[in-house]
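Input: a single structure, listed below in C-alpha cells.
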Amino acid sequence: MKVIIDRFEGEYAVVEIEKGHFVDIPACLLVGANEGDVVSINIEKEETEDRKVKIENLMNDLFN
C-alpha cells in the first residue's frame, strides 16, 4: 500500500490513503520524510514467518 504524507501535526503525520481518506500515524515512523512524499507500507511475509519460528523455538527451549 502506498500513502502520501499530507502534513505533520505535532507527533503525527496525516497521510492520505486510498479513496481520499486520511489517517494519522506516528511521525517517528517516517523519519526523514516530508510533506508530499509517497511512502510504501509492505507486509513482509517471509520475515514474519522467520520471527514466528524463532519465537516458537525460544518458547520450546523455555518450557521443555
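Fair warning: this is a prediction, and the values are worked out from it, not measured in the lab. These values consider heavy atoms only, across backbone and side chains, with no hydrogens, waters or symmetry-generated copies.
- A 4.5 Å side-chain heavy-atom check between Arg7 and Glu9 finds at least one atom pair inside the cut-off.
- The cluster map of Ile, Leu, Val, Met, Phe, Trp and Tyr, joined by side-chain heavy atoms under 4.5 Å apart, puts Val23 and Leu30 in the same cluster.
- Of the inter-residue distances, the one linking Ile4 atom CD1 with Glu35 atom CD reads 13.0 Å to the nearest 0.5 angstrom.
- Here the side chains of Asp6 and Phe22 are in contact, with some heavy-atom distance below 4.5 Å.
- Environment of CD1 in Ile43: sparse, with no more than 12 heavy atoms of neighbouring residues, nucleotides or ligands closer than 6.0 Å.
- How far NZ of Lys45 is from CG of Asp50: 13.5 Å, rounded to the nearest 0.5 Å.
- Here the closest heavy-atom approach between residue Ile5 and residue Ala33 is recorded as CD1-CB, 3.4 Å.
- Side-chain atoms of Asn64 never come within 3.5 Å of backbone atoms of Asp61 as a donor-acceptor pair (strictly under, hydrogens ignored).
- Residues satisfying the side-chain contact (heavy atoms from CB on, under 4.5 Å) criterion with Lys52, sequence neighbours excluded, are Thr48, Glu49.
- The structure places CG of Asp24 at 11.5 Å from CZ of Phe8, a figure rounded to the nearest 0.5 Å.
- Hydrophobic cluster membership is shared by Phe63 and Ile55, with clusters built from Ile, Leu, Val, Met, Phe, Trp and Tyr side chains linked at under 4.5 angstrom.
- Considering only heavy atoms from C-beta on, Val3 comes within 4.5 Å of Ile41 through its side chain.
- When the options Val14, Ile17, Val39, Val15 are evaluated for a side chain to side chain contact (heavy atoms under 4.5 Å, CB included) with Ile25, the one that passes is Val15.
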